[in-house]
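Reminder, nothing fancy here: chain letters follow the sequence lines and each chain counts from 1.
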Number of protein chains: 2
Amino acid sequence: MAYRPTARTEATRLAHRERLLDAARQLLAEGGYQAASISALARRAGVATGSVYNHFASKQELLAAVFRHVAGHELDAVREAVRARSSAGEQLRALVEVFSYRALHSPRTAWALLAEPVDPLVEEERLTYRRGYHLLAETVIVAGITSGELPPQNAQLSAAAVIGAVGEALLGPLSPVGARTDPEPVVESITELCLRAVGAKSA
Amino acid sequence: MAYRPTARTEATRLAHRERLLDAARQLLAEGGYQAASISALARRAGVATGSVYNHFASKQELLAAVFRHVAGHELDAVREAVRARSSAGEQLRALVEVFSYRALHSPRTAWALLAEPVDPLVEEERLTYRRGYHLLAETVIVAGITSGELPPQNAQLSAAAVIGAVGEALLGPLSPVGARTDPEPVVESITELCLRAVGAKSA
DNA sequence: CCATGATCTGAACCTCGATTCATATCTTCT
DNA sequence: AGAAGATATGAATCGAGGTTCAGATCATGG
């Protein structure tokens with residue numbers, strides 16, 4: 001015998017995989033899922049179409065990986081912002097604001113993550129991350145109820161509703177045909193509404 | 001010359017079209033868009049696959065027509081319920097309740113209308129109907145603000161948020177894997193939350 | 001009952017992009 | 001250097017399902 005993969009080749013492999021993911025991220029940010037065909041992807045990453053399959057079993061898996069990567073990044077950012085606050089009101093405000101500002105900053109990507117039609121396997125990732133946001137919001141709300149800062153309520157439902165409210169309110173400004181508007185008043189209005197919804201005093 | 005379509009043939013034609021739409025409605029309610037292939041559709045309607053194209057220019061158009069039909073029916077029901085009330089609070093309550101109860105009553109169809117991935121042409125219908133709900137809610141909210149029943153707010157945004165909140169809160173119970181739960185407390189919670197969100201006193 | 005035109009039929013066709021695979025290139029170890 | 005395993009290449013293949021179309025069937029008016 002005479003060849004076993006080593007750290008160096010492993011690194012190259014990783015780098016190639018990363019370049020593919022990066023190319024997919026770019027294409028997604030530019031033209032959504034439709035733009036992320038295998039051939040375009042390979043061209044962008046500077047590899048042959050067949051090479052894609054050395055790293056991912058199928059297109060769906062690749063897209064799912066990209067989704068996981070990007071969505072995970074977003075969720076982490078929101079989580080971090082929430083963690084940095086203490087009162088339920090401030091935490092919810094941070095959640096809504098960070099989510100909204102980031103989405104409005106990368107509208108095409110946000111649209112792809114939030115609403116654009118996708119293959120079932122990717123849709124599953126979407127649901128997973130949506131659940132992640134639900135859970136985050138739920139945790140905040142439960143803590144708020146416990147501390148007496150928020151009135152008693154079905155925290156799970158309220159959490160889903162808050163996430164839904166933010167998502168839908170953003171969809172207008174986000175949608176591919178949406179007009180560019182000043183984010184600040186939009187985000188401020190959404191935030192206030194969400195705080196009212198869960199019974200937090202906004203001011 | 002010797003043949004011109006007449007009332008009778010026109011009726012047959014209409015009936016066939018209706019049967020196709022009905023078959024599509026059934027398939028949609030059973031297995032979503034995936035189940036609504038042309039061949040399955042034709043089989044269900046008792047016609048040949050080619051005949052479908054005597055009534056619809058393409059599959060997308062057929063699906064769009066079905067969507068329009070079903071979604072229009074839903075929107076009408078909600079509109080009617082809203083029209084039957086006078087105060088903004090009662091109207092909003094009716095909107096949320098009727099929307100929710102109907103959705104929970106036909107979960108698979110509601111899922112198809114609300115969230116299931118679709119072709120762009122149908123997606124457009126979805127946006128149209130979503131806008132219809134937004135508009136309905138916005139009208140109610142504006143009236144409420146004018147009459148002083150609701151505090152000043154960005155009515156358009158609030159409307160979108162309310163619709164989003166209801167949709168997302170329902171998605172859990174609706175989703176194909178969602179567990180069957182008693183609708184009443186769910187709907188009641190969503191309603192209260194929405195009323196709080198727009199600043200209506202709930203009790 | 002025939003001519004005419006509309007509608008129906010369903011197997012064949014087509015399209016488009018994901019996937020494959022024979023071949024070439026590259027990496028490591030002796 | 002040479003063997004052997006791993007990875008890259010990209011043109012060829014394949015499949016699924018929407019769409020077409022030549023012929024069959026049917027309704028109408030003369």
Side-chain angles (χ1 to χ4, degrees), chain A residues 1-24 27-28 31-67 117-123, chain B residues 1-21 23-24 27-28 31-67 116-123:
Chain A
M1 89 237 72
Y3 174 50
R4 285 235 318 162
T6 176
R8 199 155 86 82
T9 56
E10 187 68 13
T12 312
R13 194 176 168 64
L14 239 281
H16 279 189
R17 190 189 150 93
E18 209 47 57
R19 282 181 64 184
L20 279 170
L21 286 175
D22 210 55
L27 290 170
L28 211 66
Y33 297 104
Q34 186 191 1
S37 71
I38 293 284
S39 56
L41 192 60
R43 203 174 318 122
R44 180 69 67 104
V47 300
T49 61
S51 303
V52 174
Y53 292 84
N54 290 329
H55 299 279
F56 300 94
S58 71
K59 186 191 185 181
Q60 288 204 335
E61 277 204 16
L62 188 157
L63 285 183
V66 175
F67 193 103
V118 238
D119 306 33
L121 208 147
V122 180
E123 185 70 31
Chain B
M1 88 238 72
Y3 175 51
R4 284 233 322 163
T6 178
R8 198 156 87 83
T9 54
E10 188 68 14
T12 313
R13 192 177 168 63
L14 240 280
H16 279 190
R17 189 190 150 93
E18 210 47 58
R19 283 182 63 185
L20 278 170
L21 285 175
L27 290 170
L28 213 65
Y33 297 104
Q34 188 191 0
S37 71
I38 293 285
S39 55
L41 191 60
R43 203 174 317 121
R44 179 69 67 102
V47 301
T49 60
S51 303
V52 174
Y53 291 85
N54 290 328
H55 300 278
F56 300 94
S58 70
K59 186 192 186 181
Q60 289 205 333
E61 276 203 17
L62 187 156
L63 286 182
V66 176
F67 193 102
E116 192 175 7
V118 238
D119 306 34
L121 209 146
V122 181
E123 185 70 31

How long is the line joining CZ of B/R13 and C1' of D/dC26, in whole Å? 15 Å
Is there a residue in residues 54-66 of chain A whose heavy atoms reach under 4.0 Å of DNA chain C, and which residues are they? A/S58, A/K59
Keeping the roles fixed (side chain from A/S58, backbone from A/E61), state whether a donor-acceptor pair exists under 3.5 Å. yes
Any side-chain N or O of B/H16 under 4.0 Å from OP1/OP2 of C/dT7? no
Write down the distance between CG (B/L14) and P (C/dT7), rounded to a whole number of angstrom. 12 Å
The reported gap from CZ in B/R17 to CG in B/L62 (rounded to nearest 0.5 angstrom) is 8.0 Å
Can you list the residues that meet the side chain to side chain contact (heavy atoms under 4.5 Å, CB included) rule with A/E18, with sequence neighbours excluded? A/L21, A/R25, A/H69
Name all residues meeting the side chain to side chain contact (heavy atoms under 4.5 Å, CB included) criterion together with B/N54; count only those two or more places apart in sequence or in a different chain, and write none if there are none. B/S51
Just how far, in rounded Å, is C1' of D/dA11 from OH of A/Y53? 15 Å
Checking A/R43 now: which residues fulfil side chain to side chain contact (heavy atoms under 4.5 Å, CB included) with it, not counting sequence neighbours? A/S39
Does A/R44 reach the main-chain N or O of A/A23 with its side chain, forming a donor-acceptor pair under 3.5 Å? no
Distance below 4.0 Å between B/R4 side-chain N/O and D/dG29 OP1 or OP2: no
Is the backbone of B/A40 close enough, under 3.5 Å, to the side chain of B/S37 for a donor and an acceptor to pair up by distance? yes
Kindly compute the distance separating CD (B/Q34) from CG (B/L27), expressed to the nearest 0.5 Å. 11.5 Å
What's the OH-C1' distance between A/Y3 and D/dT7, to the nearest Å? 7 Å
For the pair B/H55 and B/R13, evaluate side chain to side chain contact (heavy atoms under 4.5 Å, CB included) and give the outcome as yes or no after the intermediate values. CA-CA 8 Å; B/H55 300 278; B/R13 192 177 168 63; 3.9 Å; yes
Report which part of the nucleic acid B/T12 touches: base, sugar-phosphate, or nothing (heavy-atom distance under 4.0 Å, all strands). nothing
Have a look at the helix from C/dC1-D/dG30 to C/dT30-D/dA1 and give the angle its two end axes make, five pairs each, rounded to 10 degrees. 10°
Contact check, side chains of B/D119 and B/Y33, non-hydrogen atoms, under 4.5 Å: no
Sub-4.0 Å heavy-atom contacts from residues 33-52 of chain A onto DNA chain C, ordered by number: A/S37, A/I38, A/G50
Nearest-0.5 Å distance that lies between atom CG in B/L28 and atom CG in B/L63: 7.5 Å
Can you tell me how far C1' of D/dT28 sits from CZ of B/R8, to the nearest Å? 9 Å
